[in-house]
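Just so it is clear: chains get the letters A, B, ... in the order the sequence lines come, proteins before strands, and each one is counted from 1. What you are looking at is a predicted structure, and each value in this text was computed from that prediction instead of being measured.
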Protein chains: 2
Amino acid sequence: MRKVEVCFSPELYDSYHDETAIVVAIDVFRATSAMCAAFEHGVSAMLPVMNVDEAKAYQKKGYLVAAERQGKRVEGFDIGNSPFDYMSDKTKNKEVVITTTNGTKAIVIGSKAHEVIVGSFLNITAVEKYLLASDRNVMLLCAGWRGRFNLEDSLFAGELVERLHRSNQFDELSDSAIAARHFHLEAEGNIEAYLEKSSHRRRLANLNLEKDIAFCLQKDYTAKVPKLQEDKFLRE
Amino acid sequence: MRKVEVCFSPELYDSYHDETAIVVAIDVFRATSAMCAAFEHGVSAMLPVMNVDEAKAYQKKGYLVAAERQGKRVEGFDIGNSPFDYMSDKTKNKEVVITTTNGTKAIVIGSKAHEVIVGSFLNITAVEKYLLASDRNVMLLCAGWRGRFNLEDSLFAGELVERLHRSNQFDELSDSAIAARHFHLEAEGNIEAYLEKSSHRRRLANLNLEKDIAFCLQKDYTAKVPKLQEDKFLRE
């Protein structure tokens with residue numbers, strides 16, 4: 001039997017750190033959703049980096065670079081972190097370097113663990129199957145918003161906890177996993193309404209990202225499970 | 001109008017930091033419950049310190065010192081952090097220096113803000129009234145367990161959010177406040193059963209602290225609201 005834990009912010013990762021675990025990096029709005037969409041649409045690799053300076057260095061070397069801060073594409077970069085940025089020939093069969101406000105931080109921090117995969121509603125069933133086929137502990141690492149707890153990532157984590165819990169493979173749930181699970185059970189079937197009051201949801205609505213939000217809340221858009229290998233995610 | 005935020009761990013405090021807010025330090029099992037009980041039973045002052053070395057230094061100067069780590073009284077110290085340690089002549093009219101695994105950390109970290117008060121189920125209605133009588137933002141700072149989210153502190157925070165929300169004085173709830181509130185609403189009336197699976201609850205049960213747990217879950221045992229003044233809490 002094994003355990004599932006939820007870490008509500010990358011800032012708490014050191015308190016939860018389990019180097020034997022599979023880390024699921026979660027940034028529903030929008031980095032990990034965009035990465036799932038990108039692989040579904042034929043991107044060949046994605047290389048997450050922590051900051052804009054690193055991203056600029058790759059850009060100078062000729063890489064295609066995605067950079068987002070505060071919900072907007074950073075000036076001077078080719079693409080942002082909207083899932084729709086990764087659906088054209090511009091990115092198909094290309095390697096993309098990506099830095100975002102919260103999501104890439106979670107990925108880089110989680111890379112200390114045994115394995116990091118990327119989760120979002122877009123690939124939730126594929127992630128569930130991947131975790132059930134393994135025999136490892138699971139750490140759901142929410143990107144949050146600038147270190148803070150956020151609703152969308154914890155609701156996703158809660159749904160994944162519920163699915164893993166139902167499998168009877170996991171006998172130990174952390175307090176955070178218990179909370180996230182109940183939180184999901186309460187919101188189930190009504191997640192859009194539930195998120196109406198979310199601070200990040202409001203932030204994105206102000207940026208006219210309604211289309212992105214609706215896209216990111218779809219389940220099982222893809223069966224891809226991006227998995228970090230050395231420093232990048234490769235197309236399976 | 002003003003806002004209420006919940007910070008689920010002292011490790012996240014920098015992400016939430018609002019120096020204009022009243023911070024409510026929360027460590028239900030057991031530091032802030034013990035402090036509420038202590039003032040109800042006539043302790044004259046409590047001086048929170050971060051670590052055992054500081055506590056030892058005070059002990060050498062002749063102070064009465066409480067020290068707890070991992071749920072147990074630290075060897076060589078007079079008292080621990082059970083509420084029942086503060087109900088006799090040993091502590092009455094005395095100043096007590098206190099260090100605990102999680103609770104005193106939350107207090108010391110929160111002391112950067114405008115004001116720090118101590119909250120627990122034992123004084124929940126008094127804390128509610130205190131906050132409603134003020135016009136400041138509110139930050140509910142959960143001590144958690146070694147940096148991690150815990151159920152009991154977040155359930156308490158959720159009940160306080162619900163009470164403040166009902167007053168219509170607070171128009172802005174952080175994502176964490178929304179989550180804690182729904183979490184409380186789900187658990188209401190059944191908190192003991194809900195906490196059965198809590199890791200810290202299990203930890204304390206293993207230490208035969210059932211009596212302490214039942215005590216700490218009582219509401220409105222006292223009307224005292226311990227308030228940090230300079231570096232210590234004084235009897236009102």
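Judged by distance alone, with hydrogens and angles left aside, the side-chain atoms of B:Thr101 form a donor-acceptor pair with the main-chain N or O of B:Gln70 at under 3.5 Å. Under a 3.5 Å cut-off, the side chain of A:Thr99 and the backbone N or O of A:Met50 do form a donor-acceptor pair. The backbone N or O of B:Thr100 sits less than 3.5 Å from a side-chain atom of B:Arg69, completing a donor-acceptor pair. The main-chain N or O of A:Asn102 is never found under 3.5 Å from a side-chain atom of A:Asp27 such that the two would form a donor-acceptor pair. Panel note: side chain A:Asp175, backbone B:Leu151; a donor-acceptor pair is recorded below 3.5 Å.
At a heavy-atom separation below 4.5 angstrom, chain B is approached by A:Phe8, A:Ser9, A:Glu11, A:Leu12, A:Ser15, A:Tyr16 within residues 8-23 of chain A. Within residues 137-149 of chain A, the residues that have a heavy atom under 4.5 Å from a heavy atom of chain B are A:Arg146, A:Gly147, A:Arg148, A:Phe149, listed by number.
When side chains are defined from C-beta on, B:Leu155 does not count as touching B:Glu152, because their heavy atoms never get closer than 4.5 Å. Side chains of B:Arg163 and B:Leu131 form no contact here, defined as non-hydrogen atoms less than 4.5 Å apart.
Only the backbone of A:Leu173 comes within contact range of chain B, with heavy atoms under 4.5 Å apart.
When ring centroids are compared, B:Phe183 and A:Phe183 stay outside the 6.0 Å threshold.
Salt-bridge annotation for B:Glu159 and B:Lys219: present, with a side-chain N of the basic residue lying under 4.0 Å from a carboxylate O of the acidic one.
Checked options B:Asp212, B:Leu217, B:Leu122; the residue passing with B:Ser33 is B:Leu122 (criterion: side-chain contact (heavy atoms from CB on, under 4.5 Å)).
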